[in-house]
Amino acid sequence: MKSFIEKHQELIVGILNGFDRLVIRGTLRNLAHAGGMFDFLCRVGVLLKNFGSYVEQTSLMLKDASLQEAERLNRPIVYLPASGEDKHKIAHNIMIEDKIDKGLICVLKSVEPCLSYEVHRSKKEKKLRLNRIWRKCLYLYHYWIDEEFGFCSASIQTWFPFNIQVCLNGREWLARKLDKAGIAYSKSDNCFLRIEDLPRAQEFMKEQLTLKWPGAMDQIALRLNPVFNKIFDKFKISYYWTIFQSEWATDIMFKSHRSLESIYPQLVRGAMSTFSSPNVMRFLGGKTFHGNFKGEVVSDYKKRPEGMRAKHTVNRNSIKMYDKKGCILRLETTLNNPRDFKVFYSKESQIEKKNKPKWRKMRKGISDIYPRVQVSQASNERYIEALAGLDTDTPIKDLVQPICIPTKWKGKRVRQMQPWKKEDVELLLAIRRGEFCINGFRNKNLVQILYPQIDDFSSEKERKKAAARCTRKIRLLRAHGLIRKMPNSYRYVTSKEGNEIIPAILGYRECTLRNLYKEAA
């Protein structure tokens, strides 16, 4: 990120990092499997033959209690015949029409698929069995303006096991904090155009990580199901909260629309043309392609009414770049599948020996919110760092010309670079890979990329020969100033000049005359 900020510091006002959209799910884990549900029925004294009437009665009690506040406040309760309707838009329109600035906005009802239970008679065992099946039930969607979180929505499945989903927005949360602190700001939708005290605003955003999330979510659960304690008075249970989806955004605020407009088209074009699939995987912190990789890496470009957007997706996780309101450059990492990342933690185990902390796959549990943020912030920073060399007003001829003539390195002649030759293009593509943005690369890394036929089964002579070739290639790059050696290591990273020259070569090496004439026009 540092390189990008230094390059455009005259155009940039400040930076804001924090959550955008956050979707949290609540599950009663003891009731999430047939054995736990059967145990609950035993505790409350319900026979399987009476299961249907019991759950129907309980569901009616929940619905009545959940709608009680809306009826008391005379707020709209709307049934949606099609579950695919845009519920957020409907609630937002009601909020504007009724001029709601606090409290409940409305409750929307919709019949949707859910995982629940049914009792079946087993012919083989000649007894009743409780099976977990897909069925349909009524969902209640509550929309309200919270004193702390701002505009919120939450839904509850009105049939056992009463799953909950809560949607929040980190920018809405920040607006409430700024209002209480008396800090002036300019906001449009979920985007801050200007903040009077940006450092303090960033401190507020950090407070989201220390918030007691389980307690806050439990309060929302009681709002959705006021009779929760009555239903489970004989069976102590609580919701387990997981992060279903998180959007961590880095907003780079520019001084004006013109400031961002002068560089943004080049950034989008360069991102789509030079960031290959391995780059995207490394931006998101994942490993490069291997034999067991079964996912798909997709990069796409979309022109929307509010601006252009570049998006890269791998295994349901994504990173995207778009301009917000003309003067905000937003980098946003969305995590839907945290299992692709690893976190250092201990398992929930009764046996002390098995409870030792070690690197394990990241969980969806809200307790992993901090490592989730670390992964997302690192992803945004890698992307911004890679963008640093994509936009420039210098003609490509002037950029490339210095490396197209022979030079000297430590008193010895070094050949010129040949940007359009396959051998040199492959070398530039190798050192520009996403995994080398932060920690750099070594001779060994180049051998693995440029000479994939060299492996552990190759002879010592072949391995040394490939390493020697890569040593000469590194010498060539250093002589032309495209890379620099990292202090006290055998690693190399692209230099400031390399971050300008290499993307220019890679981005325009396949550009057609028609495209050039179109841009010139």
A.B. asks: Rounded to the nearest 0.5 Å, what separates atom CG in N336 from atom OG1 in T313?
C.D. replies: 9.5 Å

A.B. asks: Listed by chain and number, what are the side-chain contact (heavy atoms from CB on, under 4.5 Å) partners of N163, not counting sequence neighbours?
C.D. replies: T27, Q157, P161

A.B. asks: When you check the side-chain N and O atoms of S259 and S256, is any donor under 3.5 Å from an acceptor?
C.D. replies: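 S259 vs S256: donor-acceptor pair found between side chains.
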
A.B. asks: Roughly how far, to the nearest 0.5 Å, is the CZ atom of R29 from the OG1 atom of T242?
C.D. replies: 10.0 Å

A.B. asks: Under the side chain to side chain contact (heavy atoms under 4.5 Å, CB included) rule, what do M362 and R372 come out as? Steps first, then yes or no, please.
C.D. replies: CA-CA 8 Å; M362 187 189 293; R372 179 184 283 258; 4.1 Å; yes

A.B. asks: Please report the shortest heavy-atom distance between S376 and W248, naming the atom on each side.
C.D. replies: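 Where S376 meets W248 most closely, the heavy atoms are CB-CB, 3.4 Å.
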
A.B. asks: Cation-pi check, R223 to W144: give yes when NZ or CZ is under 6.0 Å from the six-membered ring centre and within 45° of the ring axis, no otherwise.
C.D. replies: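 Relative to the ring axis of W144, which defines the angle, R223 lies inside both limits.
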
A.B. asks: To the nearest 0.5 Å, how far apart are NZ in K109 and OG1 in T158?
C.D. replies: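 One finds 10.0 Å between NZ of K109 and OG1 of T158.
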
A.B. asks: Specify the closest pair of heavy atoms between V55 and G52, including all atoms of both residues, with the distance to one decimal.
C.D. replies: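 Reported closest heavy-atom pair: CG2-O, 3.3 Å.
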
A.B. asks: Can you name the residues that form a salt bridge (charged side-chain N to carboxylate O under 4.0 Å, His left out) with R330, not counting sequence neighbours?
C.D. replies: D20, D251, E332

A.B. asks: May I ask you to test the Q377-N17 pair for a side-chain heavy-atom distance under 4.5 Å?
C.D. replies: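 Yes - at least one pair of side-chain heavy atoms lies under 4.5 Å apart.
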
A.B. asks: Does the salt bridge (charged side-chain N to carboxylate O under 4.0 Å, His left out) test come out yes or no for E203 and K206, once each step is laid out?
C.D. replies: CA-CA 5 Å; E203 289 299 317; K206 289 181 181 178; 3.7 Å; yes

A.B. asks: Without swapping roles, check the side chain of D86 against the backbone of K89 for a donor-acceptor pair under 3.5 Å.
C.D. replies: yes

A.B. asks: Tell me, which pairs form a ring-ring contact (aromatic ring centres under 6.0 Å, His included) where one or both residues lie in residues 97-143, sequence neighbours left out?
C.D. replies: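 Not a single pair qualifies under ring-ring contact (aromatic ring centres under 6.0 Å, His included).
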
A.B. asks: Return yes if a side-chain donor-acceptor contact under 3.5 Å exists between E118 and N131, otherwise no.
C.D. replies: no

A.B. asks: Quick one: side-chain contact (heavy atoms from CB on, under 4.5 Å) partners of L73, sequence neighbours excluded?
C.D. replies: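 For L73 the side-chain contact (heavy atoms from CB on, under 4.5 Å) partners, ignoring immediate neighbours, are E69, R75, L104.
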
A.B. asks: Please tell me whether N190 and K324 have a donor and an acceptor in their side chains that are separated by less than 3.5 angstrom.
C.D. replies: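 A donor-acceptor contact under 3.5 Å links the two side chains.
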
A.B. asks: Between C327 and L260, is the side chain to side chain contact (heavy atoms under 4.5 Å, CB included) condition met? List the steps.
C.D. replies: CA-CA 6 Å; C327 60; L260 179 56; 5.5 Å; no

A.B. asks: Has the side chain of T58 got a donor or acceptor atom that lies under 3.5 Å from a matching backbone atom of Y54?
C.D. replies: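 Side chain of T58 to backbone of Y54: a pair is present.
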
A.B. asks: Please collect all ring-ring contact (aromatic ring centres under 6.0 Å, His included) contacts where either partner lies in residues 59-112, sequence neighbours excluded, each pair once.
C.D. replies: H88-F151

A.B. asks: In terms of heavy-atom contacts, does CZ of F38 have more than 12 from other residues, nucleotides or ligands at under 6.0 Å?
C.D. replies: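 At most 12 heavy atoms, drawn from other residues, nucleotides or ligands, come within 6.0 Å of this atom.
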
A.B. asks: Do E247 and T334 come within less than 4.5 Å of each other through their side chains, counting heavy atoms only?
C.D. replies: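 Touching, per the 4.5 Å side-chain cut-off.
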
A.B. asks: What pairs with P226 under side-chain contact (heavy atoms from CB on, under 4.5 Å), at least two apart in sequence or on another chain?
C.D. replies: A65

A.B. asks: Tell me whether R135 at atom CZ has more than 12 heavy atoms from other residues, nucleotides or ligands lying less than 6.0 Å away.
C.D. replies: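 Yes, CZ of R135 has more than 12 neighbouring heavy atoms, counting only those of other groups under 6.0 Å.
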
A.B. asks: For the side chain of R194 and the backbone of K255, is there at least one donor-acceptor N/O pair under 3.5 Å apart?
C.D. replies: yes

A.B. asks: Check G170 against M205 and note the closest heavy-atom contact, atom names and distance.
C.D. replies: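 Reported closest heavy-atom pair: O-SD, 4.1 Å.
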
A.B. asks: CG of L28 to CD1 of I231: how many Å apart, nearest 0.5 Å?
C.D. replies: 9.5 Å

A.B. asks: Any heavy-atom pair between the side chains of L174 and L16 that's under 4.5 Å?
C.D. replies: yes

A.B. asks: So which atom in N169 and which in R21 form the shortest heavy-atom distance, rounded to 0.1 Å?
C.D. replies: ND2-N, 4.2 Å

A.B. asks: State which residues pass salt bridge (charged side-chain N to carboxylate O under 4.0 Å, His left out) with E196; sequence neighbours excluded, sorted by chain then number.
C.D. replies: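 With sequence neighbours excluded, E196 shows a salt bridge (charged side-chain N to carboxylate O under 4.0 Å, His left out) to no residue whatsoever.
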
A.B. asks: List the steps, then state whether side chain to side chain contact (heavy atoms under 4.5 Å, CB included) holds for W173 with L168.
C.D. replies: CA-CA 8 Å; W173 186 90; L168 309 170; over 6 Å; no

A.B. asks: Please say whether the positively charged group of R25, taken as NZ for Lys or CZ for Arg, lies over the ring of W241, i.e. under 6.0 angstrom from the six-membered ring centre and within 45 degrees of the axis.
C.D. replies: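 Negative - R25 is either too far from the ring of W241 or too far off its axis.
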
A.B. asks: Can you tell me which residue among V13, D323, I263, I328 is in a side chain to side chain contact (heavy atoms under 4.5 Å, CB included) with F254?
C.D. replies: I263

A.B. asks: Can you name the one residue among K212, R176, K177 that meets salt bridge (charged side-chain N to carboxylate O under 4.0 Å, His left out) with E207?
C.D. replies: K177

A.B. asks: Side-chain contact test, heavy atoms from C-beta onward, threshold under 4.5 Å: evaluate it for I12 versus I252 and give yes or no.
C.D. replies: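 Side-chain contact under 4.5 Å: yes.
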
A.B. asks: How close do N380 and L331 get, heavy atom to heavy atom, and via which atoms?
C.D. replies: ND2-O, 3.4 Å

A.B. asks: Using the test salt bridge (charged side-chain N to carboxylate O under 4.0 Å, His left out), find all partners of E125 that sit at least two apart in sequence or belong to another chain.
C.D. replies: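 Partners of E125 by the salt bridge (charged side-chain N to carboxylate O under 4.0 Å, His left out) criterion, ordered by chain and then number, come out as R129.
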
A.B. asks: When you compare the side chains of S379 and T333, does any donor N or O come within less than 3.5 Å of an acceptor on the partner?
C.D. replies: yes

A.B. asks: Please report the closest heavy-atom contact between L48 and V119, naming both atoms and the distance.
C.D. replies: O-CG2, 3.6 Å

A.B. asks: Please test L31 against I237 for side chain to side chain contact (heavy atoms under 4.5 Å, CB included), starting from the C-alpha separation and ending with a verdict.
C.D. replies: CA-CA 9 Å; L31 305 185; I237 194 173; 3.8 Å; yes

A.B. asks: So how far is it from S122 OG to L128 CG, rounded to the nearest 0.5 Å?
C.D. replies: 9.5 Å

A.B. asks: Mind checking what makes salt bridge (charged side-chain N to carboxylate O under 4.0 Å, His left out) contact with D189, not counting sequence neighbours?
C.D. replies: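 Result, salt bridge (charged side-chain N to carboxylate O under 4.0 Å, His left out) vs D189: K325.
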
A.B. asks: Do L224 and F162 come within less than 4.5 Å of each other through their side chains, counting heavy atoms only?
C.D. replies: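 A side-chain contact is absent here, since even the closest heavy-atom pair is not under 4.5 Å.
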
A.B. asks: If you measure from CD on Q374 to CD1 on I369, what distance do you get to the nearest 0.5 Å?
C.D. replies: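 Those atoms lie 12.0 Å apart.
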
A.B. asks: Pairs in or reaching into residues 48-68: which pass salt bridge (Lys or Arg N to Asp or Glu O under 4.0 Å), with residues at least two apart or in two chains?
C.D. replies: none

A.B. asks: Does E148 have more than 12 heavy atoms from other residues, nucleotides or ligands lying within 6.0 Å of its CD?
C.D. replies: yes

A.B. asks: Counting C-beta onward and ignoring hydrogens, is there a side-chain heavy-atom pair between I366 and P214 closer than 4.5 Å?
C.D. replies: yes

A.B. asks: Can you tell if the side chain of K187 reaches within under 4.5 Å of the side chain of E172, non-hydrogen atoms only?
C.D. replies: yes

A.B. asks: Name all pairs fulfilling the ring-ring contact (aromatic ring centres under 6.0 Å, His included) condition that reach into residues 176-231, sequence neighbours left out, sorted by first residue then second.
C.D. replies: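 Found F149-W213, Y185-F192, F228-F232, F228-Y239.
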
A.B. asks: For S83, enumerate each residue passing the side-chain contact (heavy atoms from CB on, under 4.5 Å) test, keeping only those at least two apart in sequence or located in another chain.
C.D. replies: S110, E112

A.B. asks: I'd like to check F160 versus M37 (side-chain heavy atoms, cut-off strictly below 4.5 Å). Are they in contact?
C.D. replies: yes

